[in-house]
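So you know, we letter chains A, B, ... as the sequences are listed, proteins then strands, and number each from 1.
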Amino acid sequence: MPEMRMRDALREALREEMLRDETVFLMGEDIGAYGGSYAVTKGLLEEFGEERVKDTPIAESGIVGVGIGAAMAGLRPMVELMTINFSFLALDQIVNSAAKLYHMSNGQINVPMVVRMASGGGSQLAATHSHSLEGLYAHFPGLKVVCPSSPADAKGLLKRAFRDDNTVIFIEHTANYGLKGDVPDDPDFLIEFGQANVLREGSDVTLVGYSGSVHQATRAAVMLQEQEGISAEVIDLRTLRPLDIDTVIRSVQKTNRAVIVEDDWKFGGFAGELSAQIMERAFDWLDAPVARVCGKDVPMPYNRNLEFAALPSEEDVVEAVLAMF
Amino acid sequence: MPEMRMRDALREALREEMLRDETVFLMGEDIGAYGGSYAVTKGLLEEFGEERVKDTPIAESGIVGVGIGAAMAGLRPMVELMTINFSFLALDQIVNSAAKLYHMSNGQINVPMVVRMASGGGSQLAATHSHSLEGLYAHFPGLKVVCPSSPADAKGLLKRAFRDDNTVIFIEHTANYGLKGDVPDDPDFLIEFGQANVLREGSDVTLVGYSGSVHQATRAAVMLQEQEGISAEVIDLRTLRPLDIDTVIRSVQKTNRAVIVEDDWKFGGFAGELSAQIMERAFDWLDAPVARVCGKDVPMPYNRNLEFAALPSEEDVVEAVLAMF
Amino acid sequence: MTATPRLARKAREAEPDIDQLLDFLYQMQLIRRFEERTGEMYTKGKVRGFLHLYTGQEACAVGALATLQPQDKVVTHYRDHGHAIARGMDPNRVMAELFGRQDGVSGGRGGSMHLYDASIGFLGGYAIVAAHLPLAVGLGLAANMKKENFVTLCVFGDGSVGEGEFHEALNLAVLWNTPVVFFCENNLYGMGVSFQESLSTQVTTLAAAYNMPAVSVDGMDVTAVYRETLKAVEHCRAGKGPYFVEAMTYRYRGHSMADPELYRLKDEVEKYRKRDAIDRLKARLMEGGHLDGAGWEAIVERVEKVVEDSIAFADASPNPPIDTLFRYVTKEPGDA
Amino acid sequence: MTATPRLARKAREAEPDIDQLLDFLYQMQLIRRFEERTGEMYTKGKVRGFLHLYTGQEACAVGALATLQPQDKVVTHYRDHGHAIARGMDPNRVMAELFGRQDGVSGGRGGSMHLYDASIGFLGGYAIVAAHLPLAVGLGLAANMKKENFVTLCVFGDGSVGEGEFHEALNLAVLWNTPVVFFCENNLYGMGVSFQESLSTQVTTLAAAYNMPAVSVDGMDVTAVYRETLKAVEHCRAGKGPYFVEAMTYRYRGHSMADPELYRLKDEVEKYRKRDAIDRLKARLMEGGHLDGAGWEAIVERVEKVVEDSIAFADASPNPPIDTLFRYVTKEPGDA
Ligand SMILES: Cc1ncc(C[n+]2csc(CCOP(=O)(O)OP(=O)(O)O)c2C)c(N)n1
Ligand SMILES: Cc1ncc(C[n+]2csc(CCOP(=O)(O)OP(=O)(O)O)c2C)c(N)n1
Ligand SMILES: [Mg+2]
Ligand SMILES: [Mg+2]
């Protein structure tokens, strides 16, 4: 299995799916001549040509709408919105058209489209460019929401996304693009949606994250083990919708404690959903309230120290765990 | 105190604030000649003229943006987006400009604007026109989110909104427009944000709702009392951001049980936040997991029976309560 | 249960012949009566939600849709009954949809604003103003990429012109040379706001600025609509890119059933009623000796039967079972 | 700490006099060097996040901003250092903002893309493409409603033209007759996509279709920019509604510091460098005998000092204390 960075694994997934299925095509802002703002699509224009790798105007709503229309007509578009911060502008198309057409048409029309976007803070991009809003998309029935945390997952999940008959919101944490890992080169390597991954087994507490936050969780687990002798299980959700809550519940029934780690603002965020579901389904197993370690409820400041303070850190996770014992 | 319907109470609030403060003006889709799609602004064009009651093109993002600009220059605009369903189109302006300018400018610029919109299902308006997404707005720091449930609250909260120095998202449930109630005519009648209202006292279970769902909760409380001898306390949150969780916690510490009632989809909705906060703060008082009675996770179907089944009902609340004993 | 697009078998002639004109008259009358009866069904509580009647605008749907071929696609806005019927959607199943019943074209899930019949390329009524314009461009892009020679007719109102997506869609359509006919039904109002108050310019001036042909046509004259739209469709079919048609028309009824119509005077409605498309075509055919009183009566009767049958059909159709609530949220392998 | 808008004391003449031209030269050089040094500070890790340098486009900011009066307002996009400095923002506080420090104009919260100085009517850099266009219209509306005679200059790039908000804003601006100068800096690219590939038409063709005057001007010629923008500002000030200016320009550096510049050839950059606005103005002044080598050296030295001082100032400024994290989320009575 070759080792590669997540951005390269994503590119491989796009390439392989374009080679496999000629109805797959890519469109988005600066995915062609520029090579993709995070270099994910680099080289694909040269390989596949302008017809299948389309640079678009800066018109988020328009290009997602075009993707929907193309998908309705039997193509399998991937629309790259550059970052989640710009996806607000396309939210109506995603929520009111892509997510609902199958239902409103009584199953006559479906929208097999992949919408990719980068997310996350930590690069001092300030308030408008540092959103982590995976949970926002997960709220809408009709969508699927995928948030990979490793190169292999990124590849397997993205390939799987192209084989889904629905709109898949595929969200990549900018901090993960450079991560390295072994990635299968089997062209049929797929990871099914709704299968959480137990990254690390443990017996004292369950740490739940996805995308960027599993890495804080994992580092926290190491610190807990080394410094406190606490054994933490780390679960990577991989997809938020469908959500594999069963794996989380099984873990909590074993550990009796859970901490959700999420970059997004805590108030009204997806961590609340996870916390509520764990309580609903594992109430009698809980030795302490489920804790949430999330982003602070402020617009993201540019200054490095302030940004650092606004984001959840492994120390915050450790602290939350220690408070449970 | 005169009795009036909620739509009239809202109109009174607008009138009084326009009379009090000449920087207040209204703009929105069909608020003028048409009289407002829910007749809230009826007659205001005649009374205040075109300068202060502006019909706009159908351009949600544009008109909210114009409102922001006007607010930056010292006016106090109210922008009516007709319904929450169309507010997706303005979400970028609300989230990236209105909510963040104060922070990004280090306190130099604030955006005192009221954005009004109708929400809620139950009128067979089908999938794109039946959203209840109060919780979506509540997620964003920098905003305030208000959801009145009665004519008096509607007036007192809307008047208060015009005296806030921030952007207030004011969401009115369509099912409430026709509700009647006594409404103070004191021009300085204001209801502060972040003050939940205990609508009904009880000792066995706490029902938490807002906007439309407090009425289901109240009806359920009556049924519980009459049919089961269970005494339910009903709390109307009134504002989701700021959130008065203390009132809820005090109640749960007394009743030891809580049910959240919300029209919005359950998965990833605001009910999760409430459930998580109750657990976090009243863990040792809970005799049962906090329950959520919410909308079903499907796009809203047009058919009446299906729509009814998709929405939470008082029977659902009763059932959830009974399951706790 | 698949329907057949209307007139699918006829070659498109630049000028409609008498048979076709008689058919236009029939269709316009069918839509007129369908809408009138639908309004009554709303009053009776059989049809619910938002209902936007098409009365007055019949010449637009009938003239424009008649230019299409079976492989072509249609997307339109929420005021969609007229286009659906003109495309050949089964009136029974349209009415059943308005009643929210299982045999409705959208299984009772869509309602008035969301008619879909993929079997005749009718890809929906859309209720978010202007949201379907980019979809039409996507359909056009797919036609190009798949080398399928279909044209997409995209119908919308004057009110859509103020939305950002109007702009994004027109720009993309021209940039990517997509076979899309943008068909703007300018009925002078978007709800209660007149288009002069909501647009700083003329619709066709703006459309033409994107570099596509843009014409304005009398939308109360079915032949004129047919003629200009046919040019547009042929332009698209020839691979020359998008084309914009503005049809000047008028709705006789309020915006929706809830509209108190405070913003316009009865006089104005009367003025337009005098230019009624049905009356005019009827008069023309009678003057030309192609229709007499009995012929008109026959049309009226045929229409009555179709409309009354649709109501009976709708009434007899069951509600979708509650246990289907979770159907069609996502499409999974193995789904029907 | 309030700054003074530049040139606030000078009457605006249709043609800039020699003093003013010398000042233009100084300002352009100041922006040029400020940006070059900022780029170096980025490489050193002192400036972080997204950094979009303005090098090459100096004539736009300097020419356009010089037409404004103190009461006027400016909103611009994320490539905003040039406009800020040309408006008279204190370079020390700009650099401190880029360093993320407490004395930055936005207290270190905004960074490069979000410079604000309300005291000189500089109401921000905006990082969501085209989002500030409607804000400008709102400012214009407020000018009308409050009967305050200020003009709003709204600066944006060619890439913004594809966004829906461009359309919504222009339409609203004309409909409501707002005093807004839409100033499009067409540097040929939106990131890596050339504007011909992202727009189906010419920028001014489209702008004019909304019913407002729209001109295109050489954005590498500061006098031309000044002249045309002044007409626009005076048009607005006279209550005649919005005006559109497209300045054809070029950025010498990549879109941001992260740009590998795969989409354009070095040749093209060289071609534009030959038309450099600073070089041209310098040559013109020298030819006219208004500037000599020593004069130019003096300008260069003055600039160096300002820029180096700004770096020293920024370096000396503390980070905002962590315990201020929750400040300025909402504004409450009693807040500072
Ligand atoms: C994005 C959006 N904003 C507002 C509405 C509410 N609305 C429904 S129809 C309508 C008027 C549309 O007018 P027009 O496009 O002229 O079509 P017409 O109804 O005249 O056929 C409005 C404002 C909506 N459905 N979608
Ligand atoms: C809504 C939105 N979409 C995408 C981006 C990412 N982005 C930042 S700048 C830019 C290019 C803008 O080009 P232009 O308007 O020509 O300005 P220039 O950078 O050339 O000065 C893009 C696509 C963004 N910031 N906002
Ligand atoms: Mg209209
Ligand atoms: Mg540019």
Atom group of [X] that falls short of 4.5 Å from chain B, counting heavy atoms:
| X | value |
| --- | --- |
| C:F166 | neither |
| C:L98 | backbone |
| C:V129 | side chain |

Tell me the closest heavy-atom pair linking [X] and [Y], and the distance in Å.
| X | Y | result |
| --- | --- | --- |
| B:L306 | C:P320 | CD1-CG, 3.8 Å |
| C:G162 | B:A59 | O-CB, 3.5 Å |
| B:A126 | C:G110 | CB-O, 3.5 Å |

Tell me which of these, C:G190, C:G164, C:G111, has more heavy-atom pairs under 4.5 Å with chain B than the rest.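 Highest number of heavy-atom pairs under 4.5 Å: C:G111.
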Do B:L89 and C:I128 make a side-chain contact, defined as non-hydrogen atoms from C-beta onward lying under 4.5 Å apart?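 SC-SC contact between B:L89 and C:I128 confirmed.
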Please check if atom OH in C:Y252 has more than 12 non-hydrogen atoms from other residues, nucleotides or ligands closer than 6.0 Å.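 Counting neighbours around OH of C:Y252, more than 12 heavy atoms of other residues, nucleotides or ligands fall under 6.0 Å, so yes.
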All inter-chain donor-acceptor pairs under 3.5 Å (chain C, chain B):
from   : atom 1 : to     : atom 2 : distance (Å)
C:R48  : N      : B:Y302 : OH     : 3.0
C:R48  : O      : B:Y302 : OH     : 3.3
C:R48  : NE     : B:Q124 : OE1    : 2.8
C:L98  : O      : B:Y302 : OH     : 2.6
C:G100 : O      : B:N303 : ND2    : 2.6
C:G108 : O      : B:N303 : N      : 2.9
C:R109 : O      : B:Y302 : N      : 2.9
C:E163 : N      : B:I58  : O      : 3.3
C:G192 : N      : B:D30  : OD1    : 2.8
C:N319 : OD1    : B:N303 : ND2    : 2.7

